[in-house]
Each structure stands twice: as structure tokens, then as C-alpha cells.
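Predicted model only: the values in this text are computed from it and were never measured. Letters A, B, ... are given to chains in the order of the sequence lines, protein chains preceding strands, and every chain is numbered from 1. For the numbers below, each heavy atom of this structure counts, side chains included, while hydrogens, waters and symmetry mates do not.
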Amino acid sequence: MSRYVLPLIAVLVMIPILILGLQSDPSKLPSQYIGKPAPEFSLQTLQDPSRTLSSADLVGRVSLVNIWGTWCVGCRAEHGFLMTLAEQKKIPIYGINWRDNRQEALQWLEQYGDPYVASGFDQDGRVGIDWGAYGAPETFLINAEGRVVYRFPGPLNASVWEQQFAPLIAGMSQ
Amino acid sequence: MIPEIGHFALILALALAACQAVLPMVGAQRNDTTMMSIARSAAYGQFLFIAISFGCLIYAFLHDDFSVLYVASHSQLALPTPYKVSAVWSAHEGSLLMWILILSIWTMAVAHFRGDRPQKLDARVLSVLGMLSVGFLLFALLTSNPFERLIPAALDGGDLNPLLQDPGLAIHPPILYVGYVGFSVAFAFAIAAMISGELDQNWARWTRPWTVIAWSFLTIGIALGSWWAYYELGWGGWWFWDAVENASFMPWLIGTALIHSLAVTESRGLFKSWTLLLAITAFSLSLLGTFLVRSGIIVSVHAFATDPTRGYFILTFLAIVVIGALILYAWRAPALDSSVGFGLLSRETFLLLNNVLLVVATTLVLLGTLAPLIVEMTSGGKISIGAPWFEVAFLVPMIPLVMLLGLGMHTAWRRQNTAPWQKLLRLPAIAAVVVGILLPLLFYGRVGLMLAVGTIAAVWIFFSSLIQPIRSWRRAPGNAGITRSALGMCIAHFGMGLFVLGATIVSAFGIESDRSLSIGESVEVAGLEFELRELRDVTGPNYSAIEGVIEVRRDGEFVTTMRPQKRQYLVQKSWMTEAGIYPRWNKDLFVALGDQLGGGAWSVRIQYKPMIRFIWIGAFVMAMGGLISVTDRRYRRRAIPEPAV
């Protein structure tokens, strides 16, 4: 009997390791900026090259910074939700238009709607890299002091918002 | 409309899979022929609907239907047509559907080629395959529907990962999957044997060809992956001990042990419970591989997009399949073992050693793969176990394995007398030592201990696997010719020798050199002169590239012109290295463009890889040996037709 049970025991030992491994998802790499002031930047806005969007604009109230591009399908997928969020007017969304073409970006905002208070035009991608983004879309939650509170890589949707962002925002307003 | 048909066909396939899983099993318990006969029709029907579904997904890709999220994420208008097809299996959802399709093809093949198997065994085997199919179809339908819509549709897609835009990668996954999934058949036979409590030598004869075919495909699939990594990733290595590579390599190692253990079970009726355990393990490791790749638990160049829900689903499925099988094993296997003795010096002993060494090797690879996870949990740190550890650890069981291989082939079942053995093998053994030492010395001018161990092992395998075919060809006295099965074994072992030779020589004499080159400048590597003649701009269908034109000369005499490229794919804006390779049967020259250094200079990686082709040719020969052995007459035995009622 005994030796025939050994493989079963070996597997029963291994499975908890795999479960725990699942919980430490490597995609949830914390941003090195969490708790620190948002990286400094100053970008021309998409609509008007003479105006700028800079890190100073993020100070004063809780806001979102969303890194997007017209070339990114995930951004297309989350766009509808960003529009909903913008219509609720609970939180201002700043966009960083990453590695994109100005003409195409403006056309996109015209076609699908513009959820952003302002979008910075980050053509060479430097600012996105400073933020530690390694893909688009990525969304950062910034508190009133202009510090990064949370980073979410991938397309936003209602359930991510309810589970991950809403509790943090509720916590900050108390 | 078409994507919905695909989705619907998948649901119908699930219904049929459920019938196939339940009814034949119940039928076999109750001796109900009608219920058992449902298995076959269900298998055919399931294949039909899954094929329709797969066809619909291909259609969506070919027609650039960007209203399908999966298509929009992994294709693009300008993508060349062949890659639109291979993009179907370039990511999680589509490759899962391909996995399901291949499972249904295996199931149909088992249902179709009935040989002389009893109906009850077939009913149970097909039922187990049906259960696996239910699991994977649920996985696809609940967490990974490839037909999910994107509304409103995207104007253009996000493009296929440029790394995957390559012919090698178009065929690598399907062939690898045929191997991976094929182990499900051995698994199903094992479960069926344990349920019925009947496991005789015929069972092994029925199980063996399926296992060997799966193993052969897995061998080719892994070799293709290695070849692709060599020329596409731009590193010039052929194996990286990456977690996902290991995930495909572990089932291969256990599969290799399984086909050897099956040989003992078939010929001698021994090692029964051991064979069952290996059959369960081989498929479990295939599932573990799927889990590792698709859950995001391990970071790797190959890993698919991460999604914890999928991770939990596949882990639950893995746990049910493996724990279920092992409980059955703990309960039923003890009764199946028969105690027949064998001499210390016998083929049984050598095959036992083969199995032990392969299992040790698998355990080492498994530990190395999971160690980062375990360390992360216990100490919270992140470590990575690199290739150096694997290279040393893996050689420990491999050296005795390849050395014993030649002996084992020429050892008789039950017991072997030493006198005839010595007579047969003395000359090949001495010749192997001499040739193994002279070969590197004469051609490459140097010999060392580890190097000599490798070349001697390789030559020893060549000689010992040629003895039998040569004797049969020369009609040596007392030799009754060679069966297909023995011939296949000799060829597969010969392939192993080619592989060992290639791997040894390339690791001992391969040269890698990173240099900086400006136009007109030249460097010398491995006695060859590499001159950068010009840099040109090249435009492809969906990329633009910088191409270096590098002329290679030996002693001032022109050898070849190599054209490595650095490509930027336009949609994803990512840079890819397209190495320039000058392949010859006995060596490769490999040039890859690195980064632009200041002042018009480029970093260039130049490599000289002697005998690297032998690695892949060896793997291919191994697989051919496997496929030849399956054509043996005894595997084609047909049932005596039942009289009409």
C-alpha cells in the first residue's frame, strides 16, 4: 500500500505551492513611485501645442493619469469605461498620449469622445518611461498631494474600478 | 455571424464531450454494448464541431474581423496572410482552441484505429478522453472565449507579436501540442486499465504506439522551438532552461522513460504499476506545463498574457485530474503488480536504470523550475535559477544514461551471459574511445575530460546502435533480420548520438564575440574576417529595417555575405533582431546587429557554432526512429471480425 500512495502525497504537497504562486502574480509589480511624488514632466497638450500639461497640474485634488495610444487595442477596450467615469465627474482624468501620432490621436478623441481633462503628447515616449509604464494602457491613481497611490496595468473596467480603485479613493476622502 | 457559429459549435462539442465522458463508462460497467458504442460516434461528432469552431476563428483572422477582440488584439491588416493563420494560435485563447482541436483529433484516431482491442477497453479510454475534453472545453468557454466581440469594432488590429512572425513559430506550437496532448492517450489507457483492473502485455502493446507517436511529435516540437529560439531571439543559444522550455522538456523526459518502461511491460509483463505511474505523470506534466504558461505564475519570454482566473481554473482542473488519477493508482495499482524475477545483468535492469536516471533528471528540472516560486514564498525574495545550475545538474544523470544506453541495447531479457556480450561489444567500445578522443583533437585541435566524455559517449552510441542493423543487413549467422520496432529503436538511439555529439562540440568549441564595427571596419573571429560593408534601409510589409551587409573572408578569400537586420515593426513599435546565419552541415556562422554605438559604429554579435545542426538533426532522427518503430507488424493486428447478429 504505502509506496503506491507516495506520488499522491507528493502532489498534495506541490499544489499549495502552486496556489500560493498564483497569488503572487508577477504582473502586479508595484510601481517604484508608489507613495512618492509623481515623476516630473511637462508635455505639450494634444489639442494645443502652445499649452502644457505638467506634474504641477496633478497637485490639488485626487486624479487619474491614464497612459494611452491609438495603436493600443487595450486602450480602445477601456475607452468606453473612461467615458462613463468622465461623465460622472467624480475624478479628473489626465491622459498621456504615448508614442502616438497627433493627428490620429485627435481623430480618435473626436470619434470616440474625450474623457480627459487634458492629454499630454508624449511622442518620443520619455514621460511614459519615467512613469515606469511598460505597456499601454496603464492607469495611475494620484492623491491630492500629487503622490502616486496605485498603479494598474491593463484596460480598466467597472469591476476593476469597484474592487481596486473605489476603496482607495473612499479611503483618501475620509 | 461566423464567430457566433464558432462559439455555438464549441458549446455543441461540449455537450457531445459530456456524453462521451459518461455514457461509455457506464456502459462498460454494465456490459451495455449500445452505450459503449456511443463513444465512437461522439468522438467523431466532437471533432466535427471543434473543427468548425477552429475554422470559424481562422475565417475571422483571414477576413480581418476586428469586431472579434482576439483578432483585433493579435492581427493587423498588413500582416502577411500565412501569419494571419498562425496568429490564430499565437496567444492564449486561440492556442487553447488548438489544444482542444488536437485532443479531438487524437480521440478520433483512437476511436478509428481499433486494432484488436476489446470494446470495453475502448469505451473506457474514450470516456477518459471525453472527460479531459469536457475540462478543456469548459476552460475555453468559461474563461477564454476566443470569439468574444469588441463593440464597436476596431479599425485596425494591434498586430501579432513580431517575435512570432516567423515560419518556425508558425509550425512549432501545433507540432509541440500534438506531442503534449498525445500523452493524454497513454493517460486514458492507464486510467482504463486501473478501472478494469486488467493490465496484461496486450495492454502495453495497445498503449505503446500511441505513446511513441506522441513522443516523436513532442521531440520534433521541442527541437523546432529550440531552432526558432536560436535564430529569432538573436542570442545564438539553442536551449535556455527557461521555465516554459522546461515545461515542455519534463513531459518529454518522462515520456522517454514511459516508452522504455512500456517496452518492459509489453515484452515481460513487468514494471506494470511503474508504467501506469509514468503514464499519469507524463500527462500531468503536460497539464502542469499548460498551467505554468497560462497562469502567469512564472515570468518567461513565452508566457501568455496573465490572468489569475485562468490560473485558478487550470489549477483546479489539474488538481482534479492528477489527484483523481493518483487516488485510483494508490487503490488499484498494488493488485496489478506481478512479481517475476530477472537477473541482475539483464535488459530489465538496464531499462530500470534508464527510468531511474530519467526520473532523476526530470526531478532536477522540476526543482529548478519551481525553486524561484518556493523561495519567493518562504523568504519573499525573488531568485532566478540560471542555465549554469541546470547545465551541471542535468549532466549528472545524463552521462551514465548515454553511457549505459549502448550496453542496454545489446543485453538480453531475463539474464545475459557476459561472454558473448564482451565478444560483441569489446571492439565497438575500444573504437569509441579512440575515435571519441581523436575526433576533437584532429578537427578542433584540443581535447579535455568533459569534452572527451561527450564525444566518446556519442561515438559509442553510434557504434552500438549500428551493430544490429549491420548484422541483419549482412545476414550474419544466427540473425533472423530486424523488426521494424528494433530498427526504429536503433535509429532513435543513433539520433541521440548525433544530438550528444552536436551539443558537446558546440559547447566546447563555440565562439561568441561582441564587437563594435563601423562601415569599412573588420574584425577577426574564429579565423574568419568579418567586414561591415554597408548599412542599408530595408522596408518589409509591416516593418522597416536596418540591414548590415557583412562580408566574410577566410585568408582574404570570399566566403559569404551575411545580412543581419534590425527590424522595427510599425504597429507595435518594437525592435526585433533578425540574425544573419550562414549554415553549413558542420558549422554555423551567426551575426546579429546589436545597438548603435556613437560615431556610426554598431555593436555586432558574431558567433561561430560548430556542429550545432547536429542537435536538431539528431532530434529529428530520434523522432523518425520512433515513427518507424510504430509501423511494426504487431501493432497493426486487427480484431477478428465479429459474426453478424
Shortest non-hydrogen contact from A:Leu53 to A:Ser119?
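For A:Leu53 versus A:Ser119, the nearest heavy atoms are CD2-C, 4.2 Å.
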
Part of [X] lying under 4.5 Å from any heavy atom of chain A:
{"X": "B:Ile280", "result": "neither"}
{"X": "B:Leu366", "result": "side chain"}
{"X": "B:Ile323", "result": "both"}

Give a yes or no on whether the ring-centroid distance for A:Trp68 and A:His79 is below 6.0 angstrom.
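So the answer is no for these two rings.
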
With a cut-off of 6.0 Å (strictly less than), are more than 12 heavy atoms of other residues, nucleotides or ligands near CD of A:Gln103?
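Incorrect, the count does not exceed 12.
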
Inspect the surroundings of CD in A:Gln47 and state if more than 12 heavy atoms from other residues, nucleotides or ligands are less than 6.0 Å away.
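Counting other residues, nucleotides and ligands, CD of A:Gln47 exceeds 12 neighbours.
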
